Structure formats: C-alpha cells, structure tokens
Amino acid sequence: MNVFNGGSDPGLAWEELERRVETCAACELHACRKKTVFGQGNRTSPLVFIGEGPGAEEDEQGIAFVGRAGKLLSSILQSVGIDRDDVFITNVVKCRPPENRTPLAKEMMACNEFLEAQLALLRPRIVVCLGNTPVKWLLKTSEGISSLRGRWFPWRGILLFPMFHPSYLLRNDSRKKGSPKDLTWQDINALKDRLSTIRQGGE
Ligand code: URA
Ligand code: URA
C-alpha cells in the first residue's frame with residue numbers, strides 16, 4: 001500500500017507529501033536548488049500535466065511552469081478554454097537540474113516515489129506528458145516524442161497523451177501546416193474533445 005494514500009484524509013496525505021518533497025535530499029539535485037517545485041493546481045482535476053523538471057524561474061518561485069515555457073503552456077490551454085488553475089501541473093523531478101540539463105535516470109528514480117504518490121492521490125483520467133522526458137519515463141519507451149505525440153496510450157487503466165514540450169515550441173516558432181505548433185494545436189483540440197467526453201460521463 002502506498003503510504004501517502006493509506007490514510008482516510010487526502011488533505012493530510014498531501015501535506016505530508018509536500019513536506020517530504022520540501023525536505024528531500026535523496027539525490028544530488030537537492031544541493032543546488034533554491035526551492036523544490038512540488039507542482040500545483042486542482043487536485044481533483046481529471047487532467048494532469050507532467051513536464052521534465054523546474055527551470056530557473058520555477059526554482060526561484062517554487063511553482064511549476066511559470067517561466068517562458070510555462071506562459072506558453074498557459075496560453076495553449078487557454079486557447080481551448082482550459083484554465084491552468086483547473087488542472088494539476090507537475091514535473092518528473094522536483095528540483096532544478098543544473099543548466100536545465102535533462103534529469104539523470106538516478107535522479108528520476110530518486111524522485112519517482114513523489115510522482116507516484118501524486119498520481120495515486122490525484123487519480124486522473126488523463127496524464128499529458130510534455131516532451132520526451134516524462135513520456136519515456138512513464139511509458140518506458142525509447143520512441144521519441146515526434147512519433148508519440150497526439151496518440152492515446154492506454155496506461156494503468158487511464159489514458160496517457162504525449163504532447164510536445166512548450167520549450168520545444170519556443171525554439172520552433174513556425175505555424176506552417178505540420179510544424180510542431182500546428183501539431184500541438186491539433187493535439188490540444190483532441191485533448192479538449194476527450195476531456196469533454198469524459199466530463200459527460202463517456203470514455
Ligand atoms: N519546463 C519543465 O519541464 N517544467 C517546468 O516546470 C518548467 C519548464
Ligand atoms: N525534445 C523534447 O524533449 N521534447 C519535445 O517536445 C521535443 C524535443
């Protein structure tokens with residue numbers, strides 16, 4: 001049994017989990033962080049977004065996706081009428097990797113119990129993986145995001161939906177047909193449609 005959802009009070013389980021993240025020293029990343037970034041949003045949302053790890057701005061503020069990539073994520077969500085406060089947003093690792101490098105397997109391993117505990121408490125219907133790092137970690141695949149994005153993967157009885165990472169979109173600004181931004185527009189619309197179906201009590 002997961003220690004974090006074993007009790008009858010999810011509020012207490014969240015508190016305990018937040019405290020453990022805040023004081024965690026399980027991997028080297030703890031040594032250079034300013035703040036841990038737990039993730040935030042609606043804890044009863046059917047929709048959860050998972051990024052890679054905090055960047056500089058997130059490390060300063062202790063909040064996930066608040067830098068440039070985060071602002072783009074907010075506007076992508078807003079474009080289909082989803083308020084970022086209505087979903088839960090977190091990362092595979094809760095401390096900033098130096099120079100924003102990709103987290104190492106041992107770092108993701110050390111942090112995994114937190115992500116697992118969050119997912120156990122959240123019990124979402126859809127997990128959106130932003131970019132290669134979360135999708136490779138959760139699906140245990142070596143396939144890249146370009147072939148995975150926009151596809152619905154049955155995963156642990158729910159759905160996993162990979163999308164491009166907003167940082168990648170910042171580096172690839174074209175809106176031409178078939179460009180990463182164009183594909184993301186298709187993906188966010190597919191996500192919105194699936195979410196409405198779920199909200200109406202369907203699959
Ligand atoms: N990139 C991420 O993957 N996560 C954040 O929280 C910010 C930028
Ligand atoms: N690499 C990533 O990690 N994510 C993307 O979305 C694209 C390339």
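Just so you know, ligand 1 is whichever comes first in the structure, and atom 1 is the first atom listed for that ligand. None of these values were measured; they are calculated from a predicted model.
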Side chains of residues 31-41: which donor-acceptor partners sit under 3.5 Å, not counting sequence neighbours?
| unit_1 | atom_1 | unit_2 | atom_2 | d |
| --- | --- | --- | --- | --- |
| R33 | NH1 | C24 | O | 2.9 |
| R33 | NH2 | E22 | O | 3.3 |
| R33 | NH2 | C24 | O | 3.0 |
| K34 | NZ | E60 | OE2 | 2.5 |
| Q40 | OE1 | A64 | N | 3.0 |
| Q40 | NE2 | A64 | O | 3.2 |

Practice problem: Could you tell me whether some N/O pair between F65 and ligand 1 is separated by less than 3.5 angstrom? | Solution: yes
Quiz item: Would one find an N or O of P54, backbone or side chain, under 3.5 Å from an N or O of ligand 1?
Solution: no
Quiz item: Are more than 12 heavy atoms from other residues, nucleotides or ligands located less than 6.0 Å from atom NZ of K176?
Solution: no
Quiz prompt | Lys/Arg-Asp/Glu bridge criterion (N-O < 4.0 Å) met for E116, R156 | solution = yes
Quiz item: Any ion pair linking E16 and R20 (charged N to carboxylate O, less than 4.0 Å)?
Solution: yes
Practice problem: Could you tell me if any non-hydrogen atom of G70 lies under 4.0 Å from any atom of ligand 1? | Solution: no
Quiz item: F88 and W14: ring pair (Phe, Tyr, Trp, His ring centres under 6.0 Å), yes or no, with the steps?
Solution: CA-CA 13 Å; F88 196 84; W14 278 110; 5.6 Å; yes
Exercise. For ligand 2, list the protein residues that place a heavy atom within a distance below 4.0 Å of one of its atoms, sorted by chain and number.
Key: G131, N132, I145, F164, H165, Y168
Quiz item: Does N91 use its side chain to pair, donor to acceptor, with the backbone of V93 at less than 3.5 Å?
Solution: no
Quiz item: Does NZ or CZ of K181 fall inside the cone over W185's six-membered ring, less than 6.0 Å from its centre and within 45° of the axis?
Solution: no
